[in-house]
Number of protein chains: 2
Amino acid sequence: MQPSAQLEQVLKQHGQSVTAARQAVLAALQGQEPLTMGELVIRCNDIDRATVYRSVALFERLSIVQRLQAGWKYKLELSDAFHEHHHHATCLHCGQVVPLSEDPKLEAYLHDLAVAYNFTLRKHQIELSGLCATCQPTVGSL
Amino acid sequence: MQPSAQLEQVLKQHGQSVTAARQAVLAALQGQEPLTMGELVIRCNDIDRATVYRSVALFERLSIVQRLQAGWKYKLELSDAFHEHHHHATCLHCGQVVPLSEDPKLEAYLHDLAVAYNFTLRKHQIELSGLCATCQPTVGSL
DNA sequence: CATAAATTGCGACAAAGTTGCAAAAATAAT
DNA sequence: ATTATTTTTGCAACTTTGTCGCAATTTATG
Ligand SMILES: [Zn+2]
Ligand SMILES: [Zn+2]
Ligand SMILES: [Zn+2]
Ligand SMILES: [Zn+2]
């Protein structure tokens, strides 16, 4: 299903209106890389800051987007129902975020871990940080 | 080694001064639960906000503290050299953060994963979110 | 203890995020 | 299709969070 159609469906399911602003926010998030809130606001430049914030808050409640800690600031990306489920590796030097393809064993592992702590697992996040292949020669310390 | 002594050592190793403010910030972070920046500022109430921010920034550069995404806001906690390495499960309903004891198999797995992507892994984070044992009966939806 | 270097507090500022409310748009009803 | 009802939007004012320059204080050095 097309992401925009899927958005429409999720919004209606929850009694929320389908609006131009919300569609624009979704569209802005469809790129490859996760975005900071600031970047997102810029990409939605016909839409008021407050509206972007309100849309993101709604999307987070409806599990349409998720926020992840990428180095210093948090970033936003579409969540599993819209993208494939995946994790990230962030380069500490150049800041690039590389998506990692899903690993069923790892997923199973996390599930068992949650069970061991009597947690009903709703979502999870793994963030690796280090140096990407390109930056490894460049950097000595850090 | 006592955390305060360890702080002194790390600071000196990097040519940084050992000051009352920095010791106070470390002390405030020694409690069990990770703290938001706001909470930390409150617990350091003789110290200026700007100084707390500057200390945290320094501590982050020296890998004394790490920030983690706990639900909505980020939180700070002492990093692996000061606490045992561990991960977290956050309850979506009551917000409590439960530390998970280290699992060597999982750690090895992450290491291999990074290698597969040509990443030199420097650190990593796993955040589980869901409902804790206490909140499971309370909540139907969410 | 005196000197040099680094850190702190302060105040002013910039950026990020929130809120109330009237106008506009979306849905529901006729 | 029009109108009525409900929800959302933009705006502007505001709070919170985070940053910066600089003089006063503290820390390190000898
Ligand atoms: Zn890189
Ligand atoms: Zn996963
Ligand atoms: Zn709970
Ligand atoms: Zn680990």
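Basis for what follows: all heavy atoms, side chains included, without hydrogens, waters or symmetry-related copies. Below, chains carry the letters A, B, ... as their sequence lines are ordered, and counting in each starts from 1.
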task = Identify the heavy atoms of B:F82 and B:L26 that sit nearest to each other, and give their distance.
result = CE2-CD1, 4.1 Å

remark   = Residues B:C44 and B:A24: closest non-hydrogen pair is SG-O, 4.2 Å

message = Can you give me the bend angle of the helix from C:dC1-D:dG30 to C:dT30-D:dA1? Use the axis through the first five pairs and the one through the last five, nearest 10 degrees.
response = 50°

Taking [atom1] from [X] and [atom2] from [N], how many angstroms apart are they, rounded to a whole number?
| X | N | atom1 | atom2 | result |
| --- | --- | --- | --- | --- |
| A:H14 | D:dT7 | NE2 | C1' | 17 Å |
| A:Q23 | C:dA26 | CD | P | 9 Å |
| A:M37 | C:dT18 | CE | C1' | 12 Å |

key: Side chain B:R49 and base C:dG9 donor-acceptor under 3.5 Å   = no

request  = Answer yes or no: is there an ion pair linking A:E39 with A:R43, defined by an N-O contact shorter than 4.0 Å?
outcome  = no

Strictly below 4.0 Å: does [X] bring a side-chain N or O up to OP1 or OP2 of [N]?
| X | N | value |
| --- | --- | --- |
| A:Y53 | C:dG17 | yes |
| A:K12 | C:dT27 | no |
| A:Y74 | C:dG17 | yes |
| A:K73 | C:dA16 | yes |

task = Go through the steps for B:H87 and A:H124 under the test side-chain hydrogen bond (donor to acceptor under 3.5 Å, both in side chains), then give the verdict.
result = CA-CA 11 Å; B:H87 301 290; A:H124 66 268; over 6 Å; no

Under a 3.5 Å cutoff, is there a donor and acceptor pairing between the side chains of [X] and [Y]?
| X | Y | value |
| --- | --- | --- |
| B:E77 | B:H88 | yes |
| A:Q9 | A:H14 | no |
| B:H85 | B:E107 | yes |

request  = Could you list all the salt bridge (charged side-chain N to carboxylate O under 4.0 Å, His left out) pairs where at least one residue sits in residues 61-72 of chain B, not counting sequence neighbours?
outcome  = B:E60-B:R67

Below 3.5 Å is the cut-off: list the nitrogen or oxygen pairs between protein and nucleotides 8-11 of chain D, distance only.
from: D:dT8; atom 1: OP1; to: A:Q16; atom 2: OE1; distance (Å): 2.8
from: D:dT8; atom 1: OP1; to: A:R22; atom 2: NH1; distance (Å): 3.1
from: D:dT8; atom 1: OP1; to: A:R22; atom 2: NH2; distance (Å): 3.1
from: D:dT9; atom 1: OP1; to: A:T19; atom 2: OG1; distance (Å): 2.7
from: D:dG10; atom 1: OP2; to: A:D48; atom 2: N; distance (Å): 3.3
from: D:dG10; atom 1: OP2; to: A:T51; atom 2: OG1; distance (Å): 2.8
from: D:dG10; atom 1: N7; to: A:R54; atom 2: NH2; distance (Å): 2.9
from: D:dG10; atom 1: O6; to: A:R54; atom 2: NH2; distance (Å): 3.3

ask   = If you pin B:V18 and B:G38 to their nearest nucleotides in DNA chain D, which one's is more 5'?
value = B:G38

task = Would you confirm whether B:T51, through its side chain, and B:I47, through its main-chain N or O, come within 3.5 Å as a donor-acceptor pair?
result = no

